[in-house]
2 protein chains.
Amino acid sequence: MTRRHDPHRRQRIIEAAVEVISESGLAALTHRTAAARADVPLGSTTYHFLSLDELLDAAVHTVAERNVARLREWALSLPAQADLSTELAGFIVLLAGEHRQTSVLAYELYGGALRRPALRAASTSWDEMLTEVFESTVDAATARALTAMFNGLLYQALVSPGKPEQADLEQVLRRLLD
Amino acid sequence: MTRRHDPHRRQRIIEAAVEVISESGLAALTHRTAAARADVPLGSTTYHFLSLDELLDAAVHTVAERNVARLREWALSLPAQADLSTELAGFIVLLAGEHRQTSVLAYELYGGALRRPALRAASTSWDEMLTEVFESTVDAATARALTAMFNGLLYQALVSPGKPEQADLEQVLRRLLD
DNA sequence: CCGGAGAATGTACGCACGTACACATCCCCG
DNA sequence: CGGGGATGTGTACGTGCGTACATTCTCCGG
């Protein structure tokens, strides 16, 4: 039962922390919730992470990396002659639906980054990747506009009850892209 | 010294709570911080508010009302033939500069609203007022696009160090509005 | 003018938290 | 193969929190 030797203990704790903040939010992460989730004793989390902030940083960094990776994959999977408005509207629907939990956490991080510099890298890397992706298709100013608009639309989709309508989103995006 | 009778005690506590969350964030609001800020004993906050959530709700409601009022005032002060891109860029600079504290709180509320339904009304009312203002100038879909973009741009301005450049913002906004 | 209802106060309780630390265990290398 | 450093564990301490509540005070209506 007791896993006395566990070479991946540290990584497992980070993974547990990611699960906790994904499901229950940043405020829910404590040494105890992470330890319970990872099925390790309390002392283990304080041994591997000198402070709770250090654990939070590791978890947030992991989440940010995965978000950016997902975005990159999506961009690479786009058809060559794709209509950006259609594709982006579909991506928003996907992120607000199937990947809702991750997206909610992303915008919770957004809000938190305004007061906690440690979280800033996560939101910045997301914005930079968005702009980078868009700049391969449109000019720099439009890419910046699109990044801002994408974030605004995705947030609205997340905060509103019910599924967003892809057709509506597409129409709105066309105001900028057509 | 002891103010045994105070007809506006409840309102003063709400005001203190607004100050606390404006300066130090949502997480900083406790019965004790609010009481200290209002210069009343701890028992006073628990007497006037059955729970901390009730106090938080009152404070958030107050903040949301003021934000919406400021937005309405700004809209009414616009010159008749104003260029919307220029004016909006200036408004973003103003909100990210002089009114930074309030704006930071607004987007902290945005993030929090995703997990705490009690905060949702605050972010929703802001979005609705924005869209309402824009619809007096542009069509509905553009207004929605502009609301999303405005929020995205203002957030970026808040999270980035240094003052945003009004000319840059204006150029980005023109991608949608021209 | 006085009594009671509402307002105000101070204290206390129980809980969850971050962190520290003494002790147990394990692996690896000399 | 044995010892030492890294790893793992359980417990305890101090703090700040939300909340409850008995007590004191203040005002005002009859």
Side-chain angles (χ1 to χ4, degrees), chain A residues 1-62 108-109 112 115-119, chain B residues 1-62 108-109 112 115-119:
Chain A
M1 182 56 55
T2 53
R3 195 189 315 244
R4 298 297 309 209
H5 179 56
D6 183 353
H8 305 79
R9 173 67 62 92
R10 186 185 158 93
Q11 193 54 43
R12 284 179 53 236
I13 293 172
I14 294 177
E15 217 58 53
V18 169
E19 291 171 18
V20 168
I21 62 179
S22 294
E23 290 173 11
S24 311
L26 289 177
L29 181 66
T30 68
H31 277 133
R32 287 168 175 84
T33 55
R37 186 72 189 220
D39 193 29
V40 300
L42 169 61
S44 192
T45 67
T46 70
Y47 172 74
H48 285 282
F49 300 91
L50 280 82
S51 76
L52 185 62
D53 273 333
E54 200 175 298
L55 173 55
L56 179 62
D57 285 353
V60 165
H61 185 259
T62 299
E108 197 183 356
L109 288 173
R115 302 230 190 238
R116 310 177 67 172
L119 304 182
Chain B
M1 185 51 57
T2 54
R3 195 189 313 245
R4 298 296 309 208
H5 178 58
D6 184 353
H8 306 80
R9 174 66 61 93
R10 186 185 158 92
Q11 193 54 43
R12 286 180 52 237
I13 293 172
I14 294 177
E15 218 57 54
V18 169
E19 291 172 17
V20 169
I21 63 179
S22 294
E23 291 173 11
S24 311
L26 289 178
L29 181 66
T30 68
H31 277 133
R32 286 167 176 85
T33 56
R37 185 70 188 224
D39 193 28
V40 299
L42 169 62
S44 193
T45 67
T46 71
Y47 172 76
H48 285 282
F49 300 91
L50 279 83
S51 76
L52 186 62
D53 273 333
E54 199 174 299
L55 174 55
L56 179 61
D57 285 354
V60 165
H61 184 258
T62 299
E108 197 182 357
L109 288 174
R115 301 228 192 241
R116 310 177 67 172
L119 304 182

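Every chain is numbered from 1 and lettered A, B, ... according to where its sequence line falls, protein lines coming before strand lines. Basis for what follows: all heavy atoms, side chains included, without hydrogens, waters or symmetry-related copies.
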Write down the distance between CG (B/D39) and C1' (C/dT9), rounded to a whole number of angstrom. 14 Å
Protein-nucleotide distance (B/H5, atom NE2; C/dA5, atom P), rounded to Å: 18 Å
What's the closest nucleotide to the side chain of A/Y47 if the choices are D/dT7, D/dG18, D/dT26? D/dT7
Mark yes when over 12 heavy atoms from residues, nucleotides or ligands other than A/R115 sit less than 6.0 Å from its CZ; otherwise mark no. yes
Determine whether a donor-acceptor pair (N or O, by modelled atom type, separation under 3.5 Å) exists between the side chain of A/T33 and the backbone of A/T30. yes
Counting heavy atoms from C-beta on, name the nucleotide in D/dG10, C/dG10, D/dG8 closest to the side chain of A/H48. D/dG8
Could you check whether any side-chain N or O of B/E108 sits under 3.5 Å from a backbone N or O of B/L26, counting only pairs where one atom can act as donor and the other as acceptor? yes
DNA chain C-proximal residues of residues 50-59 of chain A, any heavy atom under 4.0 Å: A/S51, A/L52
Choose from D/dT19, D/dT11, C/dG18 the nucleotide whose nearest atom is closest to any side-chain atom of B/L42. D/dT19
Atom CG of B/D6 and atom C1' of D/dT24: how far apart are they, to the nearest Å? 17 Å
Is any side-chain N or O of A/R32 under 3.5 Å from a base N or O of C/dG18, one able to act as donor and the other as acceptor? yes
Under 3.5 Å, side chain of A/T45 to main-chain N/O of A/L42, donor-acceptor pair present? yes
Does the pair B/R116/B/D53 count as a salt bridge with the N-to-O cut at 4.0 Å? yes
Please tell me which of the listed nucleotides, D/dT19, C/dA8, C/dG10, lies nearest to the side chain of B/R9? C/dA8
Just checking A/H61: does its NE2 atom have more than 12 heavy atoms from other residues, nucleotides or ligands closer to it than 6.0 angstrom? no
Would the distance check show the side chain of B/S22 and the main-chain N or O of B/V18 forming a donor-acceptor pair, the cut-off being under 3.5 Å? yes
In whole angstrom, give the distance that lies between atom CD1 of A/I13 and atom C1' of D/dT7. 11 Å
Base, sugar-phosphate, or nothing for B/T46, non-hydrogen atoms under 4.0 angstrom? base
Within the pair A/S44 and D/dG8, is there a side-chain N or O less than 4.0 Å away from OP1 or OP2? no
